[in-house]
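Just so you know, ligand 1 is whichever comes first in the structure, and atom 1 is the first atom listed for that ligand.
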Amino acid sequence: MAATVVFAGKQSLPKSVQEMAINGDEPPQEFIVKESKFGPKETSAISIPIPIIDVRLLSSEDELEKLRSALSSGGCFQAVGHGISSAFLDRVREVGKRFFTLSMEEKEKYARAPAVTDSEGYGNDVIVSEKQVRDWNYRLALDVYPQHRRKPALWPQNPSDFSEMLDEYSTKIKLLMDVLLKAMAKSLNLEEGCFLKQFADREMMHSRFNYYPRCSKPDLVLGVKPHTDSGTVTILLQDREVEGLQILIDDKWVNVPTIPDAFVVNLGDQMQIMSNGIFKSPLHRVVTNTEKLRMSVAMFNLPDPEIEIGPVDNLIDEKRPRLYQNVKDYNVIHYKCYQEGIVPLEAIKFVQHSDQN
Ligand SMILES: O=C(O)CCC(=O)C(=O)O
Ligand SMILES: [Fe+2]
């Protein structure tokens, strides 16, 4: 589906990234990044090591301390020793790529609805403002948990093994997500189920297959603009060969190297909220390149929109007062703030009202 323009009461369909990529068109003006409210604008980045955490060692104090340190500084790490086989990860990449190589007509069968709130299906961001800079990608987004939220009509029947692959991948990622959420709690000396408990058994998982075609203007056009993820934890499977993800650490863009069987784990805003600001939800973006297309698969953990989450009581004290309000349906706040150029977490800062007035 092409991006849908819904501002000023008009509806029109600008050319899709896919059409432009096939025709070899230069990205038009609306893709050019002119300024950046979120992090420096240059597409160059430095290479410093991203912490590597071995999931098998997460019962040891040393590995838990490494985890706590990684999440309270850069908010991300590369996870190895997670038990998901290299062959299966390659299958996820291969089946995902096969979907994107189908004809436009075939993919359009799974097109997302144009409503801003409807993020599922094949397509791209809804354009809500004339100032919005568009991203050079297209993607397929599907809810995977709870199972009753799955929309079978949007799950591709072609490739024929797509649904089976995504179902199996989701099962494996959910197990890993639970291990990581428990370890994150333990690393803060909290009871291991304390983050999971906030979801009241109504945890959700959303999958997103991101496809970045080659781009003739990599210095000016981004695959994804700088953003934080709105959920709690994101588990990202990078392309086996092609890099592109950059994370903002100490105000510098840092390249995230591809380690073929490792996942990039980064936190989202709702984990920064639950940890009362101890853990960080990092800004990240994706750069484009002229030579090679890239595909990544992101799995997002988030609470049900009806569940209220907030800073864990044991992480609030005199030295570290409550930083954030409790929130419900944070996704909506997050999306709206980005379109208006506001840092979403700033919008829900907790303000202590004095009793005297
Ligand atoms: O493609 C990537 O490496 C990252 C994608 C991403 O940040 C996202 O889907 O939220
Ligand atoms: Fe992201």
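The aromatic rings of H334 and Y330 sit tilted, their planes meeting at an angle between 30° and 60°.
Ligand 1 is never approached by V224 to a heavy-atom distance shorter than 4.0 Å.
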Considering only distance and modelled atom types, tabulate donor-acceptor pairs under 3.5 Å from the side chains of residues 257-267, sequence neighbours left out.
residue	atom	partner	partner atom	Å
D261	OD1	S86	OG	3.1
D261	OD1	R240	NH2	3.3
D261	OD2	S86	OG	3.2
N266	ND2	D229	OD2	3.1

Donor-acceptor contacts, no H, no angles, side chain residues 39-49, under 3.5 Å, sequence neighbours left out:
residue	atom	partner	partner atom	Å
S47	OG	N255	ND2	3.3

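Q18 and Y211 form no side-chain donor-acceptor contact under 3.5 Å, judged by distance and modelled atom types alone. Between the side chains of D269 and S230, no donor-acceptor pair of N or O atoms lies under 3.5 Å.
Proximity to N210 (heavy-atom distance under 4.0 Å) selects the following atoms of ligand 1: 1 (O), 5 (C), 9 (O). Within ligand 1, the atoms closer than 4.0 Å to a non-hydrogen atom of H284 are 7 (O), numbered from 1 in the order shown. Each of the atoms 1 (O), 2 (C), 3 (O), 4 (C) of ligand 1 lies under 4.0 Å from some heavy atom of V286. Close approach of ligand 1 to D229 (heavy-atom distance below 4.0 Å) involves ligand atoms 10 (O).
In terms of polar-atom proximity, Q238 is not counted as a contact of ligand 1, lacking any N or O under 3.5 Å from an N or O of the ligand.
Salt bridge status for E291 with R214: absent, with no side-chain N to carboxylate O gap under 4.0 Å.
E191 has its side chain within reach of C194: a pair of non-hydrogen atoms, C-beta onward, lies under 4.5 Å apart.
Counting heavy atoms under 4.0 Å from ligand 1, residue R139 does not touch it at all.
Given atom 3 (O) of ligand 1, the protein heavy atom at minimum distance is R294 NH2, 2.9 Å. Remark: minimum distance from atom 8 (C) of ligand 1 to any protein heavy atom is reached at R208 NH1, 3.4 Å.
Counting just the N/O/S atoms of D229, the one with the shortest distance to the Fe ion (ligand 2) is named OD1.
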